[in-house]
A.B. asks: 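Okay, here's the structure, questions in a sec.
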Protein chains: 2
Amino acid sequence: MKRTTISDIARECGVSLSTVSLVLNNSPRISAKTRARVLAAVEKFGYQPNMQARALASRSSRMVSVVVPHLRHVFADIYFGEIVSGIYDYASEHDYKVMLDVANRKFVQNREYLNILKTRRVDGMLFIASSMEDTYLKEFDGRKDAFLLVNHYYPDTDLNYIMIDYKDSARQAAEHLTGLGHCRIGLIAGVNTYTGRDFRDAFIAACTCRGCREKDIVVTEGGRDWSQEDGFRAAEKLLSESQSITAIMAANDRMAIGAMRYVHTHGLKVPEDISIMGVDDIPDARFTTPGLTTVHHPLYTLGRRACEVVLQLFRGELDAGRELIAGALSKRESTAPPRDMR
Amino acid sequence: MKRTTISDIARECGVSLSTVSLVLNNSPRISAKTRARVLAAVEKFGYQPNMQARALASRSSRMVSVVVPHLRHVFADIYFGEIVSGIYDYASEHDYKVMLDVANRKFVQNREYLNILKTRRVDGMLFIASSMEDTYLKEFDGRKDAFLLVNHYYPDTDLNYIMIDYKDSARQAAEHLTGLGHCRIGLIAGVNTYTGRDFRDAFIAACTCRGCREKDIVVTEGGRDWSQEDGFRAAEKLLSESQSITAIMAANDRMAIGAMRYVHTHGLKVPEDISIMGVDDIPDARFTTPGLTTVHHPLYTLGRRACEVVLQLFRGELDAGRELIAGALSKRESTAPPRDMR
DNA sequence: AGACCGCAGTCAAGCGGTTAACCCAATACG
DNA sequence: CGTATTGGGTTAACCGCTTGACTGCGGTCT
């Protein structure tokens, strides 16, 4: 009841173990004739090499680890879902497998994030967007593991990252809104991430640069989940504190949708009374009423590229990887010139 | 720049390789004193055993594979998310890792579903709810791999499964609605799964058993995605074809929510004009207006148990595993007695 | 003709663990 | 006192594959 191994194939063909191995690894050192014989035997036995043995000998597990934050329904979040899909597809196309990890307390306390690489369980690790609180990431500073932050970064370290260019998205959003004539804008910011802060600062800078007075950009914090509820509450706060704003900019679509719901339930019309804009371009953004103007962020592509980079890092084809991917304005119906401009 | 291995530890302590190995595997054959010495060295070097080597020698990769269907946003689906979370948590608590797989064309054509087990990449496999079209699953019939269908089953095979008791949920739903006095009910069924068909048949049976006439249970097919849009369209069809129904039963919450949206946009009130009921109890069900009456399905628990079973199958502690997990009625505001009963 | 050079394979030393079988001193027992 | 048992380790044979070094050989170059 034993599984067939490489030596069964070798015996069957009357060649050595190494020959079979070389055939299986597409080495050019084997003649076409021998190769065909070996492959026929492989086919005949339905032979599949044992990945553990292969990994042990070759020092490559052909597996990457994807680490997602420990959030309530992280496996039901389109934001993470898109990135994971991108990673999975790229990995799969290159005969890699994806291992899942959740950065929960156990993961951090036991320092599993280091052990996973140390135990050679995976060739590389991808950390999807965690928050500023995840200071343990600093431990990777100085190590030369195939390690990549996906859609976030860690200041003052040499950690590799690939992420959406949030500053640029902020600029695009600011230009769109100011271009329509808005100059008193409420910003629902996400401040528990470095990218969220960058977005906030870049947005304010871009607005003032285009003629808004800094005090007319009213900032409120969304909340740590960046959820619809957070957006709802933030809009409530924003509108109760300053009635004069003509537009709300949210740091992601979910909060924008929550804000829109608040605005609607309070008898205001979007975009006639107030413009609302988000960031990310999640599928739902298309189906809100009115459709949500947002900055499209190619998260699937980001995931694919992240996986590509981490494999290059593993193979030593890359020393450091730091990339920014630009978003693009996606204009829908939730933004329009303010009332007094029409 | 080599990693520390088991022999480094052995040398440091002046014991043999096997002693270290036995300590690491909690063998009772080593004295407390020696054990302490070894563990101290392990600590000192920050040693972590190489999992590939361990897997090769011990014939266990301490990893399970989770296969999800190839759907549009499967990594962003609360239904799959809950199950995966359950699997992940159980696995993680037992020092297992989770490998991800998507049953896409490549996966099926290359018969990867067999290779993953053959190549010993994983100890067990969990297939989350696929449809009746996934006939390739039949190939597992007769094999004694640690293999489990999660929340579906395959008739006329010996494939192991663990799933929600959909027939029972159908009965509970039918009893709730008929109990309120409904006897003309529209059913939005999901018919591309065996469990969906069972649900439909059991629902009809339970209704007729409780006095409804079979022709008053109007059945329409939802669609292959079981999505809100599917529910929306199905409700439209249902209400245009038979105005007399007083309740709509959907085979899952998402379709129920879609149906509710249709009903609302057409000026009818839930539950005054028509009752609506779903199945699953996803988080959104709590936040609809009115709150959706549904049958709660413990998907997280299902995932946990599924992982437990598959590991027991792997260790040979279980020969076959076939389990049903019961749902429980979750009464909210979307169901009430029909107009003529009040 | 002799040195040299691929070409097509083979040899054998790993990769880093696990575990059945064995070994030896100390204790238990008749 | 001789023998069986047991606690605590060790030995060595794998697990199944990769890969650098080596070999034999026919053809090239000088």
Side-chain angles (χ1 to χ4, degrees), chain A residues 1-39 41-42 45-63 95 115 117-123 315, chain B residues 1-39 41-42 45-63 95 115 117-123 315:
Chain A
M1 213 49 234
K2 270 181 49 66
R3 299 207 126 82
T4 71
T5 72
I6 203 170
S7 58
D8 296 327
I9 304 295
R11 201 175 318 113
E12 170 83 3
C13 304
V15 297
S16 73
L17 285 194
S18 9
T19 304
V20 178
S21 175
L22 291 171
V23 167
L24 262 31
N25 291 294
N26 293 313
S27 162
R29 292 224 311 257
I30 307 297
S31 68
K33 217 175 342 177
T34 312
R35 162 183 307 277
R37 255 200 5 269
V38 169
L39 290 179
V42 165
F45 285 78
Y47 167 72
Q48 292 285 135
N50 178 316
M51 288 309 288
Q52 313 299 346
R54 188 178 261 210
L56 179 58
S58 70
R59 270 138 267 221
S60 161
S61 59
R62 298 201 80 79
M63 180 126 70
D95 288 321
N115 295 342
L117 279 167
K118 276 222 277 200
T119 60
R120 320 250 64 206
R121 251 199 144 120
V122 298
D123 289 355
R315 292 192 299 259
Chain B
M1 212 52 230
K2 271 180 50 65
R3 298 207 127 82
T4 71
T5 72
I6 201 169
S7 58
D8 296 328
I9 305 295
R11 200 174 320 113
E12 170 84 5
C13 306
V15 297
S16 72
L17 286 193
S18 17
T19 303
V20 178
S21 174
L22 291 172
V23 167
L24 262 32
N25 291 293
N26 292 313
S27 161
R29 290 227 311 261
I30 307 297
S31 68
K33 219 175 340 176
T34 313
R35 162 182 307 277
R37 256 203 1 271
V38 169
L39 290 179
V42 165
F45 285 78
Y47 167 70
Q48 292 286 135
N50 178 316
M51 287 310 286
Q52 313 297 346
R54 189 179 260 210
L56 178 59
S58 70
R59 271 137 265 230
S60 161
S61 60
R62 298 200 81 78
M63 179 126 68
D95 288 321
N115 294 343
L117 278 166
K118 278 222 283 203
T119 61
R120 319 250 63 207
R121 250 197 145 119
V122 299
D123 290 354
R315 292 192 298 259

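A note on names: the letters A, B, ... follow the listed sequences, proteins ahead of strands, and every chain is numbered from 1.
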A.B. asks: My understanding is that only one of B:L39, B:I6, B:D8 makes a side chain to side chain contact (heavy atoms under 4.5 Å, CB included) with B:Y47; could you say which?
C.D. replies: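 Among B:L39, B:I6, B:D8, the one that satisfies the side chain to side chain contact (heavy atoms under 4.5 Å, CB included) with B:Y47 is B:I6.
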A.B. asks: How close or far is atom C1' of D:dG16 from atom CD1 of A:I6, stated in whole angstroms?
C.D. replies: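 These atoms are roughly 8 Å apart.
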A.B. asks: Closest-nucleotide mapping onto DNA chain D: is B:V15 or A:S58 further toward the 5' terminus? I mean the 5' end.
C.D. replies: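 It is B:V15 whose nearest nucleotide is closer to the 5' end.
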A.B. asks: From CZ of A:R62 over to P of C:dC15, roughly how many Å is that when rounded to an integer?
C.D. replies: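 Roughly 21 Å, once rounded to whole Å.
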A.B. asks: Scan nucleotides 21-23 of chain D against the protein and return all N/O pairs shorter than 3.5 Å with their distances rounded to 0.1 Å.
C.D. replies:
| unit_1 | atom_1 | unit_2 | atom_2 | d |
| --- | --- | --- | --- | --- |
| D:dA21 | N6 | A:R29 | NH2 | 3.2 |

A.B. asks: Bend across the helix from C:dA1-D:dT30 to C:dG30-D:dC1, to 10°, with axes taken over 5 pairs at each end?
C.D. replies: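 Inter-axis angle at the ends, rounded: 40°.
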A.B. asks: Check for a donor-acceptor pair, side chain of A:R120 on one end and backbone N or O of A:K118 on the other, with a separation under 3.5 Å.
C.D. replies: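 No, the answer is negative, given that no donor and acceptor are paired below the 3.5 Å cut-off.
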A.B. asks: Is any side-chain heavy atom of B:L17 less than 4.5 Å from a side-chain heavy atom of B:S21?
C.D. replies: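 When only atoms from C-beta onward are counted, B:S21 and B:L17 do not touch, as no gap falls below 4.5 Å.
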A.B. asks: Can you measure A:Q52 atom CD to D:dC17 atom P for me and round it to whole angstrom units?
C.D. replies: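 Interatomic distance, CD of A:Q52 to P of D:dC17: 11 Å.
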A.B. asks: Phosphate oxygens OP1/OP2 of D:dC17: is one of them under 4.0 Å from a side-chain N or O of A:S7?
C.D. replies: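 No, A:S7 has no side-chain N/O under 4.0 Å of OP1/OP2 on D:dC17.
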A.B. asks: Is the phosphate of D:dG16 approached by A:Y47 (side-chain N or O, under 4.0 Å from OP1 or OP2)?
C.D. replies: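 For D:dG16, OP1/OP2 do not have a side-chain N/O of A:Y47 under 4.0 Å.
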A.B. asks: Tabulate atom names and distances for all N/O pairs under 3.5 angstrom spanning the protein and nucleotides 11-14 of chain D.
C.D. replies:
| unit_1 | atom_1 | unit_2 | atom_2 | d |
| --- | --- | --- | --- | --- |
| D:dT11 | O4 | B:S18 | OG | 2.9 |

A.B. asks: Is there a side-chain contact between A:V42 and A:E12 in this structure, where contact means two heavy atoms from C-beta onward sitting under 4.5 Å apart?
C.D. replies: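 The answer is no, as the side chains (C-beta and beyond) never meet within the 4.5 Å cut-off.
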A.B. asks: Would you please say whether a donor-acceptor pair under 3.5 Å links the side chains of A:T5 and A:S7?
C.D. replies: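 Yes - a donor-acceptor pair under 3.5 Å links their side chains.
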A.B. asks: Rounded off to whole Å, could you give me the CG-to-C1' distance for the A:L56 and D:dT19 pair?
C.D. replies: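 After rounding, the reported distance stands at 13 Å.
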A.B. asks: Which part of the nucleic acid does A:L22 contact within heavy-atom distance under 4.0 Å: base, sugar-phosphate only, or nothing?
C.D. replies: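 Here A:L22 touches the bases of the nucleic acid.
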A.B. asks: May I have the distance from B:N50 (atom CG) to C:dC15 (atom P), rounded to whole angstrom?
C.D. replies: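 To the nearest whole Å, that distance equals 11 Å.
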A.B. asks: Hey, which of these two, B:P28 or A:V20, hits DNA chain D nearer its 5' end, going by closest nucleotide?
C.D. replies: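 The residue mapped nearer the 5' terminus is B:P28.
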A.B. asks: Output yes when a side-chain donor or acceptor of B:R37 lies under 3.5 Å from a complementary backbone atom of B:C13, and no otherwise.
C.D. replies: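 Yes.
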A.B. asks: For A:N26, does its backbone N or O pair with a side-chain atom of A:R35 as donor and acceptor, under 3.5 Å?
C.D. replies: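 Checking the backbone N and O of A:N26 against the side chain of A:R35, no donor-acceptor pair under 3.5 Å is found.
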A.B. asks: Please state whether the phosphate of D:dG9, meaning OP1 or OP2, lies under 4.0 angstrom from any side-chain nitrogen or oxygen of B:T34.
C.D. replies: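 Checking B:T34 against D:dG9: at least one side-chain N or O falls below 4.0 Å of OP1 or OP2.
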A.B. asks: Measure the shortest side-chain to side-chain distance between A:V20 and A:V23 over non-hydrogen atoms and say whether it is less than 4.5 angstrom.
C.D. replies: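 They are not in side-chain contact.
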A.B. asks: Check for a donor-acceptor pair, side chain of A:Q52 on one end and backbone N or O of B:S61 on the other, with a separation under 3.5 Å.
C.D. replies: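 Checked: no pair found.
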A.B. asks: Quick one: pull up CG in A:N50 and CG in B:L56 and give me the separation to the nearest 0.5 Å.
C.D. replies: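 Rounded to the nearest 0.5 Å, the CG-CG separation comes out at 6.0 Å.
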A.B. asks: Quick check on D:dT18: is either OP1 or OP2 less than 4.0 Å from any side-chain nitrogen or oxygen of A:S21?
C.D. replies: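 Yes, within the criterion.
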A.B. asks: Find the distance A:N26:CG to D:dT18:C1' and express it as a whole number of Å.
C.D. replies: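 Computing the A:N26:CG to D:dT18:C1' distance gives 14 Å.
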A.B. asks: Check whether any side-chain nitrogen or oxygen of A:N25 sits under 4.0 Å from OP1 or OP2 of D:dT18, and answer yes or no.
C.D. replies: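 True: A:N25 side-chain N/O within range (under 4.0 Å) of D:dT18 OP1/OP2.
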A.B. asks: With distance as the sole test, does B:R62 use its side chain to make a donor-acceptor pair with the main-chain N or O of B:D95 at under 3.5 Å?
C.D. replies: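 Side chain of B:R62 to backbone of B:D95, a donor-acceptor pair under 3.5 Å: yes, one is there.
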A.B. asks: CZ of B:R3 versus P of C:dG14: gap in Å, rounded?
C.D. replies: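 B:R3 atom CZ is separated from C:dG14 atom P by 20 Å.
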A.B. asks: Could you tell me the separation between the CZ atom of A:R54 and the C1' atom of D:dC15, rounded to a whole number of Å?
C.D. replies: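 Taking CZ of A:R54 and C1' of D:dC15, I get 16 Å after rounding.
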A.B. asks: Is there a donor-acceptor pair under 3.5 Å between the side chain of B:T119 and the backbone N or O of B:N115?
C.D. replies: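 It does hold such a pair.
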